2 protein chains.
Amino acid sequence: MSDTKQKILDTAERLFAEQGYSATSLRQIIADAGVNLAAVHYHFGSKEELLHEVVTRKAAPVNAKRLAMLDRSEALHAPDPPPIEEVLHAFLIPMAESAERNRQFVRVMGRIIADGMLPTILEKTFHDVLVRFVSALRRGVPDVPDEEFRWRVLFMQGAMAHAMCGHGAEGYFLSRVEHLTRFLVGGFRAPAAQPVAATDPVEVER
Amino acid sequence: MSDTKQKILDTAERLFAEQGYSATSLRQIIADAGVNLAAVHYHFGSKEELLHEVVTRKAAPVNAKRLAMLDRSEALHAPDPPPIEEVLHAFLIPMAESAERNRQFVRVMGRIIADGMLPTILEKTFHDVLVRFVSALRRGVPDVPDEEFRWRVLFMQGAMAHAMCGHGAEGYFLSRVEHLTRFLVGGFRAPAAQPVAATDPVEVER
DNA sequence: GTCTATACTGAGATAGAC
DNA sequence: GTCTATCTCAGTATAGAC
């Protein structure tokens, strides 16, 4: 990789982590990196593609570790599905460990979410991983109907996103994983389609 | 309210719902509304303030209904805390009903979240409501330690945010409320601070 | 008080010379 | 591959008409 490209990537990662994606202009990046503005578009095409490369460069090893942990967990319990605690751990712990080693990465991710770039980046970088983990979770809660399960996956994504960028994104990420896992396990294992509020007087009245 | 101001608000709400906040330029709004660019800054001061007024105009009655439902629920169960199912319903149902009547509002909210404007808008518009509901929830799960509870509130916010803007934001919002309530109740009532994965072989190995 | 016309600054993107 | 110059479009600010 050319020296120019490397400098752009490193500088962009630092500034995105410090200020967020939208708040960081290409002109600031190229000034700090000491390169020319057009070099960004030559090497990356656009600001969004630059962000994409910043993310994937760090996310790739995390995702590899996630899949490795999931593989082991599935092999260990085969032919039964692994308990969803383990599935969630396999997803969350590699990210948390990366966060301890490289504080900047998780901050970039948090900033992406806060900047609303999540859907674009998420689909490009995490699609394959998500598919694997969602199907593992699916096998772990066989009693939950399909539609309910799909909703719960969506709720889980929201909870994870907030967990990552929430206030105090500095502190011990591994302890946060424990909190989050307990919460998600409770949510996924909750009884499905029970008329929870059938006798709810507040609701009946409306 | 002046006709110009009204036209700007209506047009902005429609375009924000259709395209999102960042993707909608002030120039597009004023072109569609048939007013002058400077009128926006005269009446609202900035694009962000315009969004703020678009949101509060619709959110105010929703929040009022939320608090009314919570009041009734608390009075009904006093001196005991209301079950968290009812608290969550009191929060979610008014928004869902508003969504059925005015599809555009919930789409604006979803777009705000997707655009990352959530923290700013949320604090300004929903702060008081959030305080009331969080303390009601707190009383509903007395066994959960404080720190764990605070995390769960954060996870809940994330799940709610995703639930609102998630794919299929068109369909029956009220059924979505039921799915979400069950998930959140499960998460909040999950056993706290249990070493879920203490014997997790995948984790022990690291 | 309201609104119009216009100018200012900074953003991302691009064409073309070297 | 790299860089200069330029383009378009954004949000914002101001002067002044009614």
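Here the structure is a predicted model, which means the values were calculated and not measured. Proteins get letters first, then strands, A, B, ... in listed order; numbering begins at 1 in each.
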Set of ring pair (Phe, Tyr, Trp, His ring centres under 6.0 Å) partners for B/Phe105, sequence neighbours left out: none
Got a sec? Which of residues 6-20 of chain B come in under 4.0 Å of DNA chain C, heavy atoms? none
Please collect all side chain to side chain donor-acceptor pair (under 3.5 Å) contacts where either partner lies in residues 126-135 of chain B, sequence neighbours excluded, each pair once. B/Asp71-B/Arg132, B/Glu74-B/Arg132
Can you sort out the partners of B/Phe149 under ring pair (Phe, Tyr, Trp, His ring centres under 6.0 Å), two or more places apart, ordered by chain and number? B/Phe188
State which residues pass ring pair (Phe, Tyr, Trp, His ring centres under 6.0 Å) with A/Phe44; sequence neighbours excluded, sorted by chain then number. none
Going by salt bridge (Lys or Arg N to Asp or Glu O under 4.0 Å), name the residues that satisfy it together with A/Arg66, two or more places apart in sequence or in a different chain. none
Side-chain ion pair, B/Arg152 and B/Glu147, N-O less than 4.0 Å: no
Between CG of A/Leu50 and C1' of C/dA13 the distance, given in whole Å, is 14 Å
What pairs with B/Arg57 under salt bridge (Lys or Arg N to Asp or Glu O under 4.0 Å), at least two apart in sequence or on another chain? B/Asp10, B/Glu13
For nucleotides 2-18 of chain D, read 5' to 3', which letter fits each nucleotide if B means a protein heavy atom sits under 4.0 Å from the base, S means only the sugar-phosphate is that close, and - means neither? BBB-----BBB-B----
Sequence neighbours excluded, the answer for side chain to side chain donor-acceptor pair (under 3.5 Å) partners of B/Ser22 is B/Asp115
Note down the inter-axis angle between the two ends of the helix from C/dG1-D/dC18 to C/dC18-D/dG1, five pairs each, to the nearest 10°. 10°
Residue list, salt bridge (Lys or Arg N to Asp or Glu O under 4.0 Å) with B/Glu48, at least two apart or on another chain: none
Could you list the residues that satisfy salt bridge (Lys or Arg N to Asp or Glu O under 4.0 Å) with A/Arg138, not counting sequence neighbours? A/Asp146
